[in-house]
Amino acid sequence: LLEVTRDAVGDKWAVALRISMEELRGRPGKNAASEAHEAVALLADVPDLWDVKMDSSPTDCAPSRFSPEGSHEPIVNFVKQLTKRPVVGVGRFTSPDVMVSQVRRGILDLIGGARPSIADPFLPNKINEGREHEIRECIGCNICIASWHDGVPVRCTQNPTAGEEWRRDWHPERFAPPASDSTILIVGGGPAGLECATTLARRGYTVTIADSANEFGGRLRFETGLPGLKTWNRVADWRLGQLQGRPNVNMYPGSALGVDDILGLEHRHVVIATGARWTKMLFSTLEFPVGELDGPAVYTPDDLAAGVVPQGPVVVFDFDNYYMAGAVAEQLAKSVGNVTYVTTAGNASAWTFMTNELPLVHRALVKANVPIHTLQRVTAFDGDAVTIADVYSGSEKRLACRSLIIVGMRKPRDELYAALVARGSDFEDAGIAAVTRIGDALAPGAIVHAVHSGHRYAREFDTVPGAAPYTRDFPI
């Protein structure tokens, strides 16, 4: 195929070969270390470029939760030894240091970085200009890949302008100057609040951000302590790096603000970004949350974040279906032992199929000795055992359980917003023009949604909103 392609194109175009190495590297060769070595040696100088990769999406486009940076290196590190042609590869790169290291050590000639380029389209420029500290590094959450699987505009947890460059005319590095001298108070320093403050500050507004916790980060402070999720803290770290030292930014961690405090601070606009809380609601046969199962040993991830150590045996009941329940089960298996995972879906952490995590979640739970019960919902818990029922047949069984962790539905933590709005008659005297909710305090979602919400408020602040972004790829 390479030869007939070259015959067809002559000297007009280069002919590249993209080849998966994972399975070939695992097969012993007859005349070399592996069949991968044999294949590359036989074709060494036939293609003009070698593009080397892994075989399947979960390993080729692996999430940071299960794969370190440069994860392809042990599979593709031999190719340049067998060919004089340039070699390009990927490997969940995010840091320029890791990229440069592979080039200098002779692993690759060219770095392929789709995900890091989505997180920061100007990554090469920032390296060339010595602005590495400004790079908005990919966190490897694979939300961008989920967009591809779902057939929707691409999304990025780190870069909220991804997918919006044309639809909303959002540029990652360019912002409209301030249209007024309004000051903005942001209550809540999680993903939404930090992104909102960062973008408003970059536009030139005077911003104050306060959080009741002693550290900024919101939900990230707990979630990045779960197995494999440490890298996600880049969401907070990058934004804090952008905010600190700016003369138009005031930051107040460890500052719980009440209604009277806010009314007395004389900010023109107030943004509530107080996040959401996990509930103890159960799952009905109609496939939506119903009722609450409360009790002395019924917990949510919020309780674990507050320091609760559940007594085993533990059952983790998941109908959130994203990463949280699987990560909690894996962590508790290490710290408490005797953990069982129950879900209404057909797989553990079922939605992570979209992010290439699904097979890796199952492997992690099996490795942690966590039994998995799929297509089951929790119906009762008496302190000694939990009753689960098949979501289709209703047939029941009991599992030994002293602590039940429910990872299902979240509700906005919007009490402060409601109390503040109730004092609307005092806004004029306090100089407040508007109070707005963003992020999980408005609508609980993934971190990517919170970041997008915070960015959209800041991007559209003091502007006239444009038409709904239903642009298409061709005129109709």
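In what follows, every heavy atom counts, from backbone to side chain, and hydrogens, waters and symmetry copies are set aside.
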Got a donor-acceptor contact below 3.5 angstrom from the [X] side chain to the [Y] backbone?
X	Y	answer
T224	N233	no
D303	T300	yes
R239	V235	yes

Between L123 and M99, does the side chain to side chain contact (heavy atoms under 4.5 Å, CB included) criterion hold? Intermediate values first, please. CA-CA 12 Å; L123 186 150; M99 300 178 193; 4.1 Å; yes
Using a cut-off of 6.0 Å, state whether more than 12 heavy atoms not belonging to E292 lie near its atom CD. yes
Within 6.0 Å of CZ in F222, more than 12 heavy atoms from elsewhere: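 Yes, because the 6.0 Å sphere around CZ of F222 holds more than 12 heavy atoms from other groups.
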R234 to W238 six-membered ring, cation-pi geometry met (6.0 Å, 45°):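 R234 over W238 ring: no.
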Using 4.0 Å as the upper bound for N to carboxylate O, is an ion pair formed by R410 and D320? no
Is a salt bridge present between E195 and R459, judged by a nitrogen-to-oxygen distance below 4.0 Å? no
Considering residues at least two apart in sequence or located in another chain, which fulfil the salt bridge (Lys or Arg N to Asp or Glu O under 4.0 Å) criterion with R25? none
So, using ring-ring contact (aromatic ring centres under 6.0 Å, His included) as the criterion, who are the partners of W351 when residues are at least two apart? Y322
Ignoring hydrogens and angles, state whether a donor on the side chain of E396 or T387 is under 3.5 Å from an acceptor on the partner side chain. no
From the options V259, V270, V435, select the one residue that forms a side-chain contact (heavy atoms from CB on, under 4.5 Å) with L416.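 Among V259, V270, V435, the one that satisfies the side-chain contact (heavy atoms from CB on, under 4.5 Å) with L416 is V259.
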Atom pairs and distances, donor-acceptor, side-chain atoms in residues 370-377, under 3.5 Å, two or more places apart:
residue: Q376; atom: OE1; partner: D390; partner atom: N; Å: 3.2
residue: R377; atom: NH1; partner: F283; partner atom: O; Å: 3.3

Evaluate the ring-ring contact (aromatic ring centres under 6.0 Å, His included) criterion for residues Y323 and W232: first the C-alpha distance (whole Å), next the side-chain angles of each, then the deciding distance (0.1 Å), finally the verdict. CA-CA 12 Å; Y323 59 87; W232 290 22; 4.8 Å; yes
